[in-house]
Amino acid sequence: MSGPFQWLSPVFFDELDLNGALHNSRFAVHVERAQSALFEQLGRGWTTYAERDPDLRYVVRELHVEFLAPLESPGSLLVELSAGKLGRTSATYRFRCATPDGELTLAQGHRVIIKIDEAGRPVPWSPWYRETFEALGVADG
């Protein structure tokens, strides 16, 4: 894989707010789903916690979302993930949520995760994770 990861995430009727737009809190869910889809595509999916790859044991430290335009109906939301900054134990993913054709950006931001061990302490990323992260490329802007 090289360049940003793209995922068409299904948006359902019950995710819309009283104004008929995707509720602001749901963007974070769709970004999370895209990240899970990325790991699935890379062969790092899991069905039980015991099967989970150590690089997928992480906590979210920060989430920043800038809302730019509404998504006003059920259908699909294009989520693009790209590399931001990679630290020893942290990884910053940049994301863009857009219309399915990618023409209109609806929301953008970043999400910082911290890799942890079984006791919840920060630990370094593996070489596999570092290579995979860097292959996502850096987002424009």
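For this chain, numbers begin at 1 and follow the sequence in order.
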For the [atom1] atom of [X] and the [atom2] atom of [Y], what is their distance to the nearest 0.5 Å?
X: Ser36; Y: Glu40; atom1: OG; atom2: CD; answer: 7.5 Å
X: Thr132; Y: Phe39; atom1: OG1; atom2: CZ; answer: 8.5 Å
X: Leu16; Y: His23; atom1: CG; atom2: NE2; answer: 10.5 Å
X: Gln6; Y: Leu38; atom1: CD; atom2: CG; answer: 12.0 Å
X: Phe133; Y: Ser82; atom1: CZ; atom2: OG; answer: 8.0 Å
X: Glu131; Y: Ser126; atom1: CD; atom2: OG; answer: 8.5 Å

Check whether more than 12 heavy atoms from other residues, nucleotides or ligands sit under 6.0 Å from atom CZ of Arg57, and answer yes or no.
yes
How would you list, by chain and number, every residue that makes a side-chain hydrogen bond (donor to acceptor under 3.5 Å, both in side chains) with [X], sequence neighbours excluded?
X: Glu66; value: Gln108
X: Asn19; value: none
X: Asp101; value: Thr99

Within 45° of the ring axis of Tyr58 and under 6.0 Å from its six-membered ring centre, is that where the NZ or CZ of Arg52 lies?
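Yes, a cation-pi geometry.
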What are the two closest non-hydrogen atoms of [X] and [Y], and how far apart are they?
X: Leu8; Y: Ser76; result: CD2-CB, 4.0 Å
X: Ile116; Y: Val123; result: C-CG2, 3.7 Å
X: Ala98; Y: Leu106; result: C-CD1, 3.8 Å

For Val11 and His30, run side-chain contact (heavy atoms from CB on, under 4.5 Å): C-alpha distance rounded to whole Å, both residues' side-chain angles, the deciding distance at 0.1 Å, then the answer.
CA-CA 9 Å; Val11 175; His30 288 278; 3.9 Å; yes
Are [X] and [Y] packed together at the side-chain level, in the sense that at least one heavy-atom pair is separated by less than 4.5 angstrom?
X: Arg111; Y: Thr92; result: no
X: Val65; Y: His110; result: no
X: Phe13; Y: Pro74; result: yes
X: Ile113; Y: Ser90; result: no
X: Leu81; Y: Arg94; result: no

Please check if the side chain of Arg96 supplies one atom and the backbone of Gly102 the other of a donor-acceptor pair under 3.5 Å.
yes
Counting only N and O atoms by type, is there a donor-acceptor contact under 3.5 Å from the side chain of Lys115 to the main-chain atoms of Trp125?
no
Is the distance between the ring centroids of Phe27 and Phe95 under 6.0 Å?
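Here the rings of Phe27 and Phe95 have centres that are no less than 6.0 Å from each other.
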Leu71 and Val29: same hydrophobic cluster, using ILVMFWY side-chain contacts below 4.5 Å?
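In one cluster with Leu71: Val29, no.
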Are Trp7 and Leu77 close enough, and set up right, to give a side-chain contact (heavy atoms from CB on, under 4.5 Å), and what steps lead you there?
CA-CA 8 Å; Trp7 174 255; Leu77 177 68; over 6 Å; no
Would Leu63 and Val31 satisfy side-chain contact (heavy atoms from CB on, under 4.5 Å), going step by step from the backbone distance to the final call?
CA-CA 10 Å; Leu63 177 67; Val31 170; 5.5 Å; no
For residues 9-18, which residue pairs qualify under salt bridge (charged side-chain N to carboxylate O under 4.0 Å, His left out), counting only residues two or more places apart or in two chains?
Glu15-Arg26
Does Leu68 sit in a hydrophobic cluster with other residues, and if so which ones, taking ILVMFWY side chains as linked at heavy-atom separations under 4.5 Å, directly or through other members?
none
Under the side chain to side chain contact (heavy atoms under 4.5 Å, CB included) rule, collect the residues that match up with Asp53, sequence neighbours excluded.
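Asp53 satisfies side chain to side chain contact (heavy atoms under 4.5 Å, CB included) with Arg44, Asp55, Leu56 once adjacent residues are dropped.
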Could you please spell out the steps behind the side-chain contact (heavy atoms from CB on, under 4.5 Å) verdict for Val79 and Arg33?
CA-CA 9 Å; Val79 181; Arg33 288 177 183 167; over 6 Å; no
Parallel, tilted or perpendicular: which describes the rings of Tyr129 and Tyr93, with under 30° parallel and over 60° perpendicular?
perpendicular
